[in-house]
Amino acid sequence: MQNMRLALRERPTGLLTDEHFDRIEEELSPLADGQARVRVVYVSLDPAMRGWVSPSTDSYVPPVPLGDTMRSLGIGVVEESKTDAYKAGDWVSGFTGWTRYLDVAPGQLNVVPQTVPMEAYMGVFGLAGATAYHGLVKTGEPKAGQTLCVTGAAGSVGSLVGQIGKALGLRVIGIAGTDEKCKWLVDDLGFDAALNYKTDDLEKGLREFAPEGLDLHFENVGGKPFAAALNNMKAFGRMVFCGFISVYNGERADEYPDLTALIRKRLTFKGFVMTDHFDEYPEIFAELGKLMQAGKLKYRLDIVDGLETAPAAFGKLFDGTNKGKLVVKVSDL
Ligand SMILES: NC(=O)c1ccc[n+]([C@@H]2O[C@H](COP(=O)([O-])OP(=O)(O)OC[C@H]3O[C@@H](n4cnc5c(N)ncnc54)[C@H](OP(=O)(O)O)[C@@H]3O)[C@@H](O)[C@H]2O)c1
């Protein structure tokens, strides 16, 4: 059986592109006892992957070694099994990597129920949903009636954060990069307001939305939107740090906020990484399932075709052309 995978050839200094990968075509050997062979259907493209290919060893995961298959989350179908842990036809998700096939040992990937469309495991019932829920509910500790601001608001995490916020009785404002995205947030997702960070006066917009200040802020991008939110926090407010995508390719932030506000306003700053909280996934997905059933949670996927397109498609996360959770379709279900 033929496989194709993308292996990291070189570490980028800026944007991750095709030239950083080798395309490896290989004949798979027969499946070993105790393993299962998985055909990958979708792989997830996540901003964090840019950090995983940097040489830095002081992050929450070690860098992807040069020559290894690119690390990524994904979901697939068991094609053949020589272990009781998996049976042919099971849907399995976890760290599949950028490959068409992989052989796994028991425990390496999780079997997931076939009760929702497979795509849902890439969005709401995947990293994005877990991150949005954990970050807002557990880290942000919101209370009904409070005001919430979220940046990267039209992205896969941000759009869920705002909707969960609305379901919890918060007033929500989102900051995103196009008028079309802002309109989607308000008209389709029920955000109370949205600002375009490229064209709107963020300071003014936030002041008008929350004249007494924001109770809670969820940060996904860094730079100017972060500075505007910090300047508009209420005393004793909470700021949740999920991501800083504006500097992942080595850029300097376009604005550095005045951190003395932390003291003046007695703010709480808290960062988190979801790899520390895998144990919460079942509880979180049960809560998200209830919100979905109640019609309070919508999500959209941006699906690109073919594993070979993954490096180029990754750039969509950084120029903002992804509309929803960005995934690559590797094979047909
Ligand atoms: N802490 C964790 O465990 C965890 C887990 C998952 C994700 N995250 C973080 O959450 C954030 C969102 O991830 P996601 O998967 O949901 O991606 P996403 O929001 O679906 O896609 C990325 C979006 O970021 C925006 N963006 C890109 N460059 C920007 C810049 N320079 N300034 C402002 N906005 C910019 C773009 O939207 P616009 O059109 O609005 O610019 C783009 O669509 C990322 O920072 C990611 O690292 C953290």
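FYI, side chains are in, hydrogens and waters are out, and symmetry mates aren't considered; it's all heavy atoms of this structure. Quick note: residue numbers are just sequence positions, from 1. We count ligands from 1, going down the list as the structure has it; atoms in each ligand are counted the same way.
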Undergrad: Taking only Lys NZ, Arg NE, NH1 and NH2, and the carboxylate oxygens of Asp or Glu, determine whether Glu141 and Lys143 approach each other closer than 4.0 Å.
TA: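 No salt bridge links Glu141 with Lys143.
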Undergrad: For ligand 1, what are the residues with a heavy-atom contact below 4.0 Å?
TA: Pro47, Leu127, Thr131, Gly155, Ser156, Val157, Ala176, Gly177, Lys181, Tyr197, Asn220, Val221, Cys242, Gly243, Phe244, Ile245, Ser246, Tyr248, Phe272, Val273, Met274, Leu317, Phe318, Gly320, Asn322
Undergrad: Between Arg100 and Glu308, is the closest basic N to carboxylate O distance under 4.0 Å?
TA: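 Yes.
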Undergrad: Could you check whether Asn3 and Thr99, counting side-chain N and O atoms only, form a donor-acceptor pair closer than 3.5 Å?
TA: yes
Undergrad: Does this structure show an ion pair linking Glu180 with Lys183, if we count only N-O contacts that are shorter than 4.0 Å?
TA: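 Answer for the salt bridge query: no.
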Undergrad: Check the angle between the aromatic planes of Phe278 and Phe95 and answer parallel, tilted or perpendicular using the 30° and 60° thresholds.
TA: perpendicular
Undergrad: Using every non-hydrogen atom in the two residues, find where Tyr101 and Arg39 come nearest and quote the distance to one decimal.
TA: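 Of all heavy-atom pairs spanning Tyr101 and Arg39, the closest is CE2-CB, 3.7 Å.
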